[in-house]
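To start, the structure under review is shown below, and the notes come after it.
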Amino acid sequence: MLFVDYETRSRAPLPAVGSKVYSEDPSTEILLVGMACGPDEEPFIAERIEQWDPGTRIVSWGRFDYHIYRSIEDPSYRSDHWIDAMALARYTGMPAGLDAFATALGFGSQKDRRGKQLIKKYCMPQADGAFLPLEGEDLTAMSEYCLQDVRLLQEAWVRLKSLLPEWEEHCRPAYEATERMNDRGVPIDRRAAENALSQCEAHTERLAAECESLCGFKPSQNLRIADFLGVKSCAKGILEDMTFDDPSRERVREIRLESAKAATKKLVPMLQMSLSTGRAYGCFVFNGAHTGRGASRAIQFQNMVKARVNPEVFTKLHAGTDLVNPLSDVQQNIRGFIRPVDGVLAVADYAQVEARIVAWLANCEGMLSAFRDPDRDVYREAAARSFGIPVGTVDDTQRSYGKIAILGPGYGAGGKALASQAPGYGIQMTEAEGDKLKDFYRNDLAPEVPLLWDAYERAARDVVSGRITATERVGPVGFALNSSGGCLEVTLPSGRNLRYLNPQIGEDRFGDPAVVFQSKYGQKSIWGGHWLENICQAIAADLKNAALVRLTRRNASGVLEVHDELVIESPVSEGPGWVDYMLCVMRDPPSWAPRGLFDAEGQLMDRYSK
């Protein structure tokens, strides 16, 4: 087993383009590499790894070193032989940074601060594009900095190696499918994005000038704008709920809201990451959340505005015609900048997947029956029961109440939380109405769910306290301490484990007994609703990852995974067939999940939309 850490230089901006594009750039060179031939061996510095036995497992922190090795040293090395220790760290719910991981687990020493200065000095080009020669004392210092990383990697491996067999069984296939998607890249409509960014920047400058002429301040000067308007802050929720009779103050309010739109925050990384080929590489993070759900880098696909794309906006952008309101138009149509040059996007999305999982785990027979019947609308039925009216008379607004009733309270949300969620469903709700909906869920719609919260809490406390020394099962979910007692393992129906480090019996925020564990953000307590939320989101991730693996093995050209949605790039003629196949796969879960419960919706798109 070989532990490695590369130090390289390149004219390609690594944070912007990602490690794959960086590694393939003609200017990229290896400065040196730190290596150790085992977890207990002393690390050393070399110019290259060179080719080892093809069966040698190589360990690094993250995917960067793999791409460098494949691109510059050994293009034949198999991805599934490489061990990404960062992925194992994410599997435990710990920080993804090597230094942060070491700090969280209490090992390692303070790294030489000169390292980052040396990287900036020697790994990036000077103003004229040339590189400084790395030699003398700086070469010695850079070498030691690299060796420090190898030593930290070795120590991290000692703590992570026991997880490798489990991770390879339950996570490796989906990890490889995600990395294949990363290497394929997301297709970006660069022409539209470049014109949109230009218009947004010009419009932002005009708004700033107008704002300064009205009040003397820029829209970004939050405290001064708030003082001018006479409000406590410039938070969106505050400014949207008021108007001013004074024309100047009203216009400043409008400018502040307009300027705060994050239109360019996604356009910039889209253009940076797609600079070489028109595709954004390395966008997705496998196991980005503790529960196993994915995340994304830079462009942040998961928080794009959920709106249907207006084709006229892109017609104007391609023609070079000015948009009426660039910031609003771009924000509302941000998904549409994802577009294949040739072909279509086949998009499939799980329908109410977490609500279905809650019904399964809590054995809510009424909801299970409704979810299994494609002719029944669960949200309308919930609204009808809540309002005491026939299902056929439920209007769209009332159906939105039913949707919140199904999706909101399952994890323990109260009236205040439900009221804050309501605008996302297109309705307004008071806290009192939210409390009424919460009580309806707990007492009428799904009384089995609060019982499940209690069962999860009790199982976790019994195991952590030592009252139960074997695995405590609650339906298809198991709770147990690992052999050392330093980790509470929650075994999902798939066989994958969620891990909670250093569990203890402590108190929640109400002073009640609760399990407390070490998260990457510090000590955290967890109660029944949170247990159910973590478990449901983890199961949803397992379902989607299983579908992604099946699609990848069928040579699907996956380009996006966002929340409960998968997106494939396809030739136009093959698009309908891919949508049908995606729906078949997503409706046919693995053997560990109930059949006939899960559903999905799919469509073809020229541009990514909602």
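Count residues from 1 along the sequence.
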On the six-membered ring of Tyr581, is Arg554 placed so that its NZ or CZ lies under 6.0 angstrom from the centre and within 45° of the ring axis? yes
Residue pair Thr491 / Phe479, side-chain heavy-atom distance below 4.5 Å: no
For Glu569 and Val559, which heavy atoms make the closest approach, and how far apart are they? OE1-CG1, 3.5 Å
Are a donor atom and an acceptor atom from the side chains of Tyr22 and Thr8 found within less than 3.5 Å of each other? yes
Salt bridge or not between Asp542 and Arg496? Use side-chain N to carboxylate O under 4.0 Å. yes
Go through the structure and list residues passing side chain to side chain contact (heavy atoms under 4.5 Å, CB included) with Leu147, not counting sequence neighbours. Pro43, Ile45, Glu144, Arg151
If you compare all heavy atoms of Trp167 against all heavy atoms of Ala87, which two are closest, and at what distance to 0.1 Å? CZ2-CB, 3.7 Å
Partners meeting side-chain hydrogen bond (donor to acceptor under 3.5 Å, both in side chains) with Lys20 (sequence neighbours left out): Glu24
Without placing hydrogens or testing angles, list every side-chain donor-acceptor pair under 3.5 Å for residues 404-422, not counting sequence neighbours.
residue	atom	partner	partner atom	Å
Tyr411	OH	Glu354	OE1	2.4
Ser420	OG	Ala417	O	2.6

Taking the side chain as C-beta and beyond, is there a heavy-atom pair between Glu472 and Arg458 under 4.5 Å? no
Would you say the rings of Trp527 and Trp453 are close, in the sense that their centroids are separated by under 6.0 Å? yes
What closest approach, in Å, do Ala446 and Cys364 show between heavy atoms, and which atom pair accounts for it? CB-SG, 4.1 Å
Output yes when Arg180 and Glu176 qualify as a salt bridge under the 4.0 Å nitrogen-oxygen rule, no when they do not. no
Strictly distance-based, threshold 3.5 Å: is any side-chain N or O of Ser23 a donor or acceptor partner for the main-chain N or O of Ser19? yes
How about NZ on Lys520, more than 12 heavy atoms from neighbouring residues, nucleotides or ligands closer than 6.0 Å, or not? yes
Got a second to check how far Asp444's CG is from Asp439's CG, nearest 0.5 Å? 11.0 Å
Is any side-chain heavy atom of Trp157 closer than 4.5 Å to a side-chain heavy atom of Leu88? yes
Met94 versus Gln518, closest heavy-atom pair with distance: CE-O, 3.4 Å
Please list, chain by chain and in numerical order, all residues satisfying salt bridge (Lys or Arg N to Asp or Glu O under 4.0 Å) with Arg376, sequence neighbours excluded. Glu381
Is the distance from the ring center of His290 to that of Tyr500 below 6.0 Å? yes
Tell me whether the guanidinium CZ or amine NZ of Arg159 lies under 6.0 angstrom from the six-membered ring centre of Phe107 and within 45° of its axis. yes
Excluding sequence neighbours, so at least two apart, what forms side-chain hydrogen bond (donor to acceptor under 3.5 Å, both in side chains) with Arg467? Asp462
Would you say the side-chain atoms of Ser296 and Gln302 include a donor-acceptor pair closer than 3.5 Å? yes
Assess whether a salt bridge exists between Glu168 and Arg57, defined as any Lys/Arg side-chain N lying under 4.0 Å from an Asp/Glu carboxylate O. yes
Are any of the side-chain heavy atoms of Leu566 and Met582 separated by less than 4.5 Å? yes
Indicate yes or no: does Asp65 engage Arg70 in a salt bridge with an N to O separation below 4.0 Å. no
Inspect the contact between Asp349 and Lys610 and indicate whether a charged nitrogen and a carboxylate oxygen are less than 4.0 angstrom apart. yes
Counting only N and O atoms by type, is there a donor-acceptor contact under 3.5 Å from the side chain of Arg63 to the main-chain atoms of Asp84? no
Got a sec, which residues hit salt bridge (Lys or Arg N to Asp or Glu O under 4.0 Å) with Asp508, two or more places apart in sequence or on another chain? none
Check: Met35 and Phe44 side chains under 4.5 Å, non-hydrogen atoms: yes
Got Phe371 and Leu597 here, is their nearest side-chain heavy-atom distance under 4.5 Å? yes
Taking side chain as C-beta onward, heavy atoms only, is Tyr69 less than 4.5 Å from Val4? no
Side chains of Tyr456 and Leu532: closer than 4.5 Å at any heavy-atom pair? yes
